[in-house]
Amino acid sequence: MIDLREDDEVPAPMISPALGFAARYFAGLVAAAVFLSTGCAGPQSALQPSGAAAREVAYLWWAMFWAGTAIFLLVLGLLLYASFQAPERRWRIAPVKMIVAGGVVLPIVALSILLVFGLRAGSGVSADLPENAISIRVTAHQWWWDIEYVDHRDPSRNFTTANELYLPVNQPVELLMTSSDVIHSLWLPRLAGKLDLIPSQTNRLVIEAEEPGVFRGQCAEFCGLAHAQMAFYAVAVPQEKFEAWAERQRSPATPPETRAVHAGKDAFDASGCVVCHTVRGGGAWGTEGPDLTHLGSRLTIAAGTFDNTRENVAAWIARNDDMKPGNKMPEFPHLDRETRLSIAAYLESLQ
Ligand code: CUA
């Protein structure tokens, strides 16, 4: 018997190494479950689906999670049995039975169930669409998204934007996706699974937003230096709002209305921005960079990387390589801050 003085620390009870191992992993599992149930909401969470295709992916994820949990607990049970049962009882589970059950039967059953879930989730990619469904051509570039809304009946109504996808709520929309350089992957976790954009090939993805909101998307295939900063936003709005937005995007750029904005347009034209960017109706027809005809209406610049503010645009013009390393736009550090702010004011006026 150990004699404890009053100021002695009570020693921790000894537990067997196997039990300690099990306890630690069980605690980790509980912590992970709590984290998953509370910490996985947000504009880019696949576990908070807002569309049918994303819901299938979430089902698949939860099915795998709970199946994995069940198998983990089963293995843990066997481990405890093996650790604490008397040897003669342990031998009741014959090794051959274990190998057949755990190594053959269990994988066949588990993988067959997963296959059913997987086929269900995959069928959404090629879903049929109503005839008047909206088609959007998405072309990935290092490191931004060119987005063209296509009117199959009247191509004169096509229009181009960049890095922002507007969607009418509760309407399936097809994305016809390709790439101009390397393989990218478009992933809107709350709306659908991911699909690659491959040069000289068109992949089709059907997405549908079931509630209004702003959803973050991300390139999900490593595509070079600025891959992590190749994001975009999908904005889901009611049908009337979508129509109004599309009508505005279709129209040419607003001509400068104030003297300051005029000065900004002059600086934009004189600095060579027009070589790479298009401003429809504003005399700029470059195609190297994103279409800027309605840049002022977008939430972000640099493919979802910075808020679309006048200060950020002015900084971007001079120091974009610090802001998004590797991006292909030249820097214009020789333009003074006032000139850059006036160009930013012009771009902001392009609503
Ligand atoms: Cu584009 Cu990663």
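Counting starts at 1 for both ligands and their atoms, following the listed order. Quick caveat, the model's predicted, so the values are computed rather than measured.
Inspection of the Q249 and S297 side chains reveals an N or O donor paired with an N or O acceptor under 3.5 Å. Side chains of T293 and D291: a donor on one and an acceptor on the other come within 3.5 Å. In summary, the side chains of E210 and S50 do not present any donor paired with an acceptor at a separation below 3.5 Å, with no hydrogens or angles considered.
Rounded to 10 degrees, the ND1-metal-SG angle spanning H184 and C223 at atom 1 (Cu) of ligand 1 equals 100°.
Among the backbone and side-chain atoms of S185, no N/O/S atom is found under 2.8 Å from atom 1 (Cu) of ligand 1. Under 2.8 Å from atom 1 (Cu) of ligand 1 lies an N/O/S atom of C219, whether from backbone or side chain.
Between L165 and L188, the closest side-chain pair of non-hydrogen atoms falls below 4.5 Å.
For E221, the N, O or S atom closest to atom 2 (Cu) of ligand 1 goes by the atom name O. Taking the N/O/S atoms of H227 in turn, the shortest distance to atom 2 (Cu) of ligand 1 belongs to ND1.
Put simply, CD1 on I301 and CG on N308 are 6.5 Å apart, with the number rounded to the nearest 0.5 Å.
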